[in-house]
Amino acid sequence: MPVYFKDKSEKMKEESMEDIANEESSESSDESMESENANESQTETKSQVYLPGQALQEGEELTVDKSAYKLLHHAQSGAPCLSFDVIPDDLGNSRESYPLNMYIVAGTQAARTHVNNLLVMKMSNLRGNKQHSDDSESESSDSEDEDDESKPVMSVAPIKHQGCINRVRCTKIGGEILAASWSELGRVNIWNLQEQLNAVENPILLTAYRNKCDKASTDIKPLYAFKGHLSEGFGLDWSRLEPGTLASGDCKGNIHIWRVDNSGASWHVDQRPYNSHAPHSVEDLQWSPIEKNVLASCSVDRSIKIWDMRASPQNACMLTASGTHTADINVISWNLKESQFMVSGGDDGMLCVWDLRQFGPNGASPVATFKQHTAPVTTVEWHPTEATVFASGGADDQIAQWDLSVEADHTEELQDSVLAKLPPQLLFIHQGQSDIKELHWHPQCPGTIISTAHSGFNIFRTISV
């Protein structure tokens, strides 16, 4: 269900998302931002459903239908972030009462190599759309008098990082939050984020932390840095079943496996690469949600491979699927609830759903394919608790929500509408971001998606999921 509409009138109605007030960005210490309220026009407008790819006529512009969202916020981080991850917290699971608080770690891609940061962010006071709120409080006619207490806020604790951050992933080991970052300089670093998480909880601690970071002699060092990759890379994933186990893949087709010792004090990286993709780049990695020794990878060579990490690198590749994607496979996601399924997205704009039970030495065919995206798919992820739902995003500036359990509606009313052009499994199209890079479902806030793009972050929940 698309959420953007074409409006045409003498005076256009303007609607924008609330901006999260950012207390720290990657390039400035204090950056104030405030909520933007919708300015309602008194003139009548004529709205039409807009589908991505349609041309706008003179006098037409896109406006968001806020009634289609339970939650919708926008945030800026200074330099754009290519990658981020949701930090697990102790605020509880299945949180659906607003306002929400959440934590993420993100990596910047600044114009200059040596001014990049790993950003630990706390987003707080994220309020839901009043149209879907249980709060019966009446809306004030003068929205400009909104109390500061009702505005969302973002607190940021940065860590100086050498090189743009291609990908970042976090995990929890022994009660501590660790993050792995892939640098464009060809290094993978491990960071302990506890000091930064403490700082974003307390304004006094955050001020002291910022002052410390301003001193060049007190740069925070990673716990461990691996320089054994032959080039930069993007593939990076922590095992859910074996804490402290990490896989990293580079643009030369090499995959290395990391393990931390029982004390958590030292790291061991297997110097023998798993390199069946070589010389093609490994674009994404995913550990199995049910088998601790099984890893999946996708590559520029247009294949998906399943590995048994108990075997030697020469014999570890068990299964391969190829021949469906016509260009680089950029991303994969393993279904956490129904582990036989995986979804992939590629430069061809195609999404493929795979049944791993059909993989074999001679390849496999997907059980479903979708070609909604008109540009490379840059991110895809299964819903953490709904086995049939996933979301995808791409360079066509759209995020799509999908439900494979939905069947086609052959009613005459739908056949005659613009929605008939869409696949029935497509639940929702979210727009408003430019050059979308990555999305994640928040595992503790049902239905909530966080996405990063060149234009900043979106935090939203639709009425569809």
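Owing to the predicted nature of the structure, the values given are computational and were not obtained by experimental measurement.
For the atom pair CG (L439) and NZ (K437), the distance works out to 13.5 Å, reported to the nearest 0.5 Å. Between the CG atom in L206 and the NZ atom in K122 there is a gap of 10.5 Å [rounded to 0.5 Å]. How far CG of L246 is from CD1 of I190: 5.0 Å, rounded to the nearest 0.5 Å. Going from atom NZ of K305 over to atom CE of M318 covers 12.0 Å, rounded to the nearest 0.5 Å. The structure places CG of L351 at 9.5 Å from NZ of K371, a figure rounded to the nearest 0.5 Å. In this structure, S464 OG and L426 CG are separated by 9.0 Å, a value rounded to the nearest 0.5 Å.
A salt bridge does not link K221 to D219: none of the charged side-chain nitrogens sits closer than 4.0 Å to a carboxylate oxygen. A salt bridge links R357 with D355: at least one charged nitrogen is closer than 4.0 Å to a carboxylate oxygen. With respect to D284 and R167, a salt bridge is recorded, a charged nitrogen being found less than 4.0 Å from a carboxylate O.
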### Message
Working note: M121 + V200, criterion side chain to side chain contact (heavy atoms under 4.5 Å, CB included); need CA distance, chi angles, decisive distance, verdict.
### Response
CA-CA 7 Å; M121 307 180 185; V200 297; over 6 Å; no
### Message
Would S181 and H161 count as a side-chain hydrogen bond (donor to acceptor under 3.5 Å, both in side chains) here? Give the steps.
### Response
CA-CA 9 Å; S181 64; H161 191 278; 2.9 Å; yes
### Query
Step by step, would you call E291 with R310 a salt bridge (Lys or Arg N to Asp or Glu O under 4.0 Å)?
CA-CA 11 Å; E291 298 285 346; R310 294 168 296 187; 5.8 Å; no
### Query
Does the side-chain hydrogen bond (donor to acceptor under 3.5 Å, both in side chains) test come out yes or no for H74 and N458, once each step is laid out?
CA-CA 5 Å; H74 175 72; N458 276 189; 3.2 Å; yes
### Task
In sequence, state the C-alpha distance, the side-chain angles, and the governing distance for S276 and W307, and then conclude on side chain to side chain contact (heavy atoms under 4.5 Å, CB included).
CA-CA 10 Å; S276 291; W307 309 76; 3.4 Å; yes
### Query
What's the verdict on side chain to side chain contact (heavy atoms under 4.5 Å, CB included) for H73 and L71, showing C-alpha distance, side-chain angles and the deciding distance?
CA-CA 7 Å; H73 294 281; L71 179 79; 3.6 Å; yes
### Task
Please report the C-alpha distance between L118 and I165 in whole Å, then the side-chain angles of each, then the deciding distance to 0.1 Å, and finally whether the side chain to side chain contact (heavy atoms under 4.5 Å, CB included) criterion is met.
CA-CA 8 Å; L118 195 66; I165 299 171; 3.7 Å; yes
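For the side-chain hydrogen bond (donor to acceptor under 3.5 Å, both in side chains) test, residues two or more places apart in sequence or in another chain that qualify with T245 are E242. A search for salt bridge (Lys or Arg N to Asp or Glu O under 4.0 Å) contacts involving K227 returns nothing, not counting sequence neighbours. Here S281 pairs with C251, E283, V300 under the side chain to side chain contact (heavy atoms under 4.5 Å, CB included) rule; sequence neighbours left out. Contacts of S405 classified as side-chain hydrogen bond (donor to acceptor under 3.5 Å, both in side chains), with partners at least two apart in sequence or in another chain: D403. The side chain to side chain contact (heavy atoms under 4.5 Å, CB included) search around A321 returns W354, F359, A364, not counting sequence neighbours. By the side chain to side chain contact (heavy atoms under 4.5 Å, CB included) test, A453 is found to be paired with Q433, I436, S455, residues two or more places apart in sequence or in another chain being considered. By the salt bridge (Lys or Arg N to Asp or Glu O under 4.0 Å) test, R169 pairs with E438, sequence neighbours left out. Listed by chain and residue number, W182, F226, H256 satisfy the ring-ring contact (aromatic ring centres under 6.0 Å, His included) test with H229 (two or more places apart in sequence, or in another chain). Partners of W382 according to the side-chain hydrogen bond (donor to acceptor under 3.5 Å, both in side chains) rule, which considers only residues two or more places apart in sequence or in another chain, do not exist here. With sequence neighbours excluded, the residues satisfying side chain to side chain contact (heavy atoms under 4.5 Å, CB included) with P313 are R272, Y274. Listed by chain and number, the residues in a side-chain hydrogen bond (donor to acceptor under 3.5 Å, both in side chains) with D89 are R95, Q444 (sequence neighbours excluded).
For the pair I87/V120, a side-chain contact is recorded, criterion being any heavy-atom separation below 4.5 Å from C-beta on. For the pair V105 and I177, the minimum side-chain heavy-atom distance is 4.5 Å or more. Side-chain contact between S248 and L236 is present, with heavy atoms from C-beta onward closer than 4.5 Å. I220 has its side chain within reach of Y209: a pair of non-hydrogen atoms, C-beta onward, lies under 4.5 Å apart. Looking at R240 and L336, their side chains come closer than 4.5 Å, going by heavy atoms from C-beta outward. Between E195 and K212, the closest side-chain pair of non-hydrogen atoms falls below 4.5 Å. Under the 4.5 Å side-chain criterion, counting only non-hydrogen atoms from C-beta, V86 is not in contact with M102. By the 4.5 Å heavy-atom criterion applied to side chains, H430 and Q401 are not counted as neighbours.
When all heavy atoms of I450 and H442 are compared, the closest pair comes out as CD1-CD2, 4.2 Å. Considering all non-hydrogen atoms of both residues, I304 and C298 come closest at CG1-CB, 4.3 Å. In terms of heavy atoms, P243 sits closest to V260 at O-CG1, 4.2 Å. Annotation for D261 and S266: closest pair OD2-OG, 2.5 Å, computed over non-hydrogen atoms. What you find for M342 and A296 is that their closest heavy atoms are CE-CB, 3.5 Å. Shown here for S299 and H280, the closest heavy-atom pair between the two residues is OG-CB, 3.6 Å.
Between the side chains of N192 and Q194, no donor N or O sits under 3.5 Å from an acceptor N or O. Using modelled atom types, one finds no donor on one side chain facing an acceptor on the other under 3.5 Å when comparing T108 with N117. A donor and an acceptor atom, one from each side chain of Q162 and H114, are located under 3.5 Å apart.
Residue H440 forms a ring-ring contact (aromatic ring centres under 6.0 Å, His included) with just one option from F390, F84, F457, and that option is F84. Looking at T326, N330, T378 one by one, the single match for side-chain hydrogen bond (donor to acceptor under 3.5 Å, both in side chains) with D347 turns out to be N330.
Under the 3.5 Å distance criterion, the side-chain polar atoms of N202 are matched with a main-chain donor or acceptor of L205. Not a single donor-acceptor pair under 3.5 Å links the side chain of W267 to the backbone N or O of W258. With hydrogens and angles ignored, the 3.5 Å screen pairs a side-chain donor or acceptor of N116 with a backbone N or O of A110.
For the salt bridge (Lys or Arg N to Asp or Glu O under 4.0 Å) condition, no pair includes a residue of residues 446-456, sequence neighbours left out.
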